There are 2 protein chains.
Amino acid sequence: MVSRGRPRDMQVDERVLRIAAALMLERGYAGLSIDEVAEQAGAAKTTLYRRWPTKDHLAVAVVARLQADDEIADTGDIRADLVNYLEKIAAGLNRMRAAGHRQGPSAGTVGELVAAAARHEDIGRLTREQYAERNALALALIERARVRGELRADLDAEALFDQMAGALYYRVMITGAPVDRAYAERLVSSALEGNLTCH
Amino acid sequence: MVSRGRPRDMQVDERVLRIAAALMLERGYAGLSIDEVAEQAGAAKTTLYRRWPTKDHLAVAVVARLQADDEIADTGDIRADLVNYLEKIAAGLNRMRAAGHRQGPSAGTVGELVAAAARHEDIGRLTREQYAERNALALALIERARVRGELRADLDAEALFDQMAGALYYRVMITGAPVDRAYAERLVSSALEGNLTCH
DNA sequence: TGGATTACGCAACTACAGTTTCGTAATTGG
DNA sequence: CCAATTACGAAACTGTAGTTGCGTAATCCA
């Protein structure tokens, strides 16, 4: 009892996502027009709406394809592992860069996605799950480093992770400053070594 | 040569901002309709657009009125000062809570504002200036603590501030977890004391 | 008083997201 | 082959942001 009725044309999905990605990266979120995507893909609007119930859903799908879900390495050197991890997050953020946009280019796209997650329960649930999954990997990394004695026994892993990941998002969305490997190293140094005078 | 022609009716500004704030806090950003605001304020749409060229501009004005620009205290205790500072940022974020919205309520509004700043150069410039101004106060606070020996001489003030402020924004927008005084204290502790094993 | 200037209200208009209706095409199961 | 089911395309429709044109009201300056 699988797949009754006329099957979906999978080529439509592919064409639409490709065209939507091109429009979005070139003209930003606002420049992504359902009418235009449908026309360029040679499909009716109703066909698009059957797959993605809103423009937000389509945009999320487009961005999801841009985000390579990389492996997270545990080399035993917590500093190097965290830097690599943050660099991957930064790369994902930089990848949604919209050409025509001012202020640290990907800010607009990230902001729109946050707004989309707030507008639609399902998108919010989905993205929160994905973030939780990603965070769990980082928290496990931190926990292992704590167990083997690299990190202090009484650390606040959640605060530590929020600090580092948050700084990246803050930079991209608020200050518009670049996020790259050099910045990731500064973050890890500051977070690990602390800022009080040595005693 | 001041004020030629018919003067603007300032009561319109007041009524519009009040009504827009009510709509936005009750129904969220998407629930803020220019037509509805104009009707409830007893003004024509053109009158609104003369003051705020887009809905984004009106929304920014509404949120700006919600943000009390508090004083930042320098008591000589950097830990307490930072906690108070972060708590004020958190209060500002919590204040844009939109009733009808899922996921850590103010996430949607903050995301929309980030998107608005990316869509319009003037809004982007304005908000970045305001953030820079606020950050300068925090950076000065940190610098004074460094000079008087409370903080380490070689600290990275920018990274330190980004970490703490970023964690608040990250929580609000991404994980949807609450930001309050207790969380501010955890952040300051983690950031100041560091996370390496004590030597 | 009158002209220049700016604000206001009204109505019609465009653009785009999203919906609905309906006729048609492709597939499965009996 | 036939019925049920699902996909597709086309067109008309609604709602809202934003624009435009125009007649009118209020103010300043000469």
Side-chain angles (χ1 to χ4, degrees), chain A residues 1-17 19-20 23-24 26-62 100 108 112-113 115-116 118-123, chain B residues 1-17 19-20 23-24 26-62 100 108 112-113 115-116 118-123:
Chain A
M1 56 163 295
V2 274
S3 75
R4 303 273 309 245
R6 176 175 175 173
R8 285 201 183 164
D9 184 351
M10 290 309 176
Q11 299 183 3
V12 169
D13 297 65
E14 180 57 29
R15 281 203 308 272
V16 166
L17 287 174
I19 292 169
L23 277 178
M24 204 164 151
E26 188 184 343
R27 304 185 204 164
Y29 195 92
L32 176 65
S33 156
I34 300 289
D35 286 302
E36 190 169 357
V37 172
E39 191 197 331
Q40 287 192 25
K45 267 202 305 181
T46 42
T47 299
L48 269 71
Y49 277 105
R50 193 171 301 110
R51 291 163 166 79
W52 304 279
T54 72
K55 172 176 164 175
D56 286 334
H57 288 78
L58 174 58
V60 167
V62 165
E112 299 281 7
L113 293 180
R119 280 191 288 260
H120 312 282
E121 290 179 88
D122 54 346
I123 294 182
Chain B
M1 58 162 296
V2 274
S3 75
R4 302 276 308 246
R6 176 175 175 172
R8 285 198 183 167
D9 183 351
M10 290 307 175
Q11 297 183 5
V12 170
D13 296 65
E14 180 57 30
R15 281 204 307 274
V16 166
L17 287 175
I19 292 169
L23 278 177
M24 204 164 151
E26 188 184 343
R27 305 185 202 164
Y29 195 91
L32 176 66
S33 156
I34 300 288
D35 285 300
E36 189 169 358
V37 172
E39 192 196 332
Q40 288 193 23
K45 265 201 308 179
T46 43
T47 298
L48 269 71
Y49 276 104
R50 193 172 299 112
R51 290 163 167 77
W52 304 279
T54 72
K55 172 176 165 175
D56 285 335
H57 288 79
L58 174 57
V60 167
V62 166
E112 300 280 8
L113 293 180
R119 280 191 288 259
H120 312 282
E121 289 179 88
D122 53 347
I123 294 181

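All values reported here derive from a predicted model rather than from experimental measurement. Proteins come first, then strands; the chains are lettered A, B, ... in the order of their sequence lines, and each starts at number 1.
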key: Any donor-acceptor N/O pair, A:Lys45 side chain to A:Ala38 backbone, under 3.5 Å   = no
query = Does a distance-only test, which skips hydrogens and angles, find a donor-acceptor pair under 3.5 Å between the side chain of A:Lys45 and the base of C:dG18?
reply = yes
request  = Could you tell me the separation between the CH2 atom of A:Trp52 and the P atom of C:dA17, rounded to a whole number of Å?
outcome  = 15 Å
key: Selection from D:dG18, C:dT28, D:dG9 that lies nearest to any side-chain heavy atom of B:Lys55   = D:dG18
message = Quick check: do A:Val60 and A:His120 have side-chain heavy atoms less than 4.5 Å from each other?
response = no
query = How long is the line joining CZ of A:Arg8 and C1' of D:dT6, in whole Å?
reply = 9 Å
message = Counting C-beta onward and ignoring hydrogens, is there a side-chain heavy-atom pair between A:Glu112 and B:Arg119 closer than 4.5 Å?
response = yes
task = Would you classify A:Gly42 as touching base, sugar-phosphate or nothing, given that sugar-phosphate means primed atoms plus P, OP1 and OP2, and contacts are heavy atoms under 4.0 Å?
result = sugar-phosphate
note = Quick note, A:Thr47 side chain, CB onward, closest among C:dT6, D:dG18, D:dG9 is D:dG9
request  = Could you check how far CD1 of B:Ile34 sits from P of D:dA17, rounded to whole Å?
outcome  = 6 Å
inquiry  = Looking at B:Arg51, I'd like to know whether one of its side-chain N or O atoms comes within less than 4.0 Å of OP1 or OP2 on C:dC8.
reply    = yes
task = Would you indicate, yes or no, if C:dG29 has its OP1 or OP2 atom less than 4.0 angstrom from a side-chain nitrogen or oxygen of A:Arg4?
result = no
message = Students often get this wrong, so: under 4.0 angstrom with heavy atoms, is B:Ser33 touching a base, only sugar-phosphate, or nothing?
response = sugar-phosphate
message = I need the CE-P distance between B:Met10 and D:dT27, as an integer number of Å.
response = 13 Å
message = Could you check whether any side-chain heavy atom of A:Ile34 comes within less than 4.5 Å of a side-chain heavy atom of A:Tyr49, counting everything from C-beta outward?
response = yes
remark   = From OH of B:Tyr49 across to P of C:dC13 the rounded distance in Å is 18 Å
request  = Quickly work out the A:Asp13 CG to D:dA7 C1' distance and round it to whole Å.
outcome  = 12 Å
message = From C-beta outward on B:Ala43, which listed nucleotide comes closest to its side chain: C:dG9, D:dA26, D:dT16?
response = C:dG9
message = If you define the side chain from C-beta out and look only at heavy atoms, does anything of A:Arg27 sit under 4.5 Å from A:Glu36?
response = yes
ask   = Within the structure shown, what part of the strands sits under 4.0 Å from A:Leu48 by heavy-atom distance: base, sugar-phosphate, or nothing?
value = nothing
key: Atom-pair distance (CZ on B:Arg6; C1' on D:dA26), nearest Å   = 5 Å
note = Result for 5'-nearest mapping on DNA chain D, choosing between B:Glu36 and B:Gly5, is B:Glu36
query = Just how far, in rounded Å, is P of D:dG18 from CG of B:Leu58?
reply = 10 Å
ask   = Under 3.5 Å, is there an N or O donor on one side and an acceptor on the other linking the side chain of B:Thr46 and the base of C:dG9?
value = yes
request  = Give the nucleotide from the list C:dA26, C:dC8, C:dC16 with an atom nearest to the side chain of A:Pro7.
outcome  = C:dA26
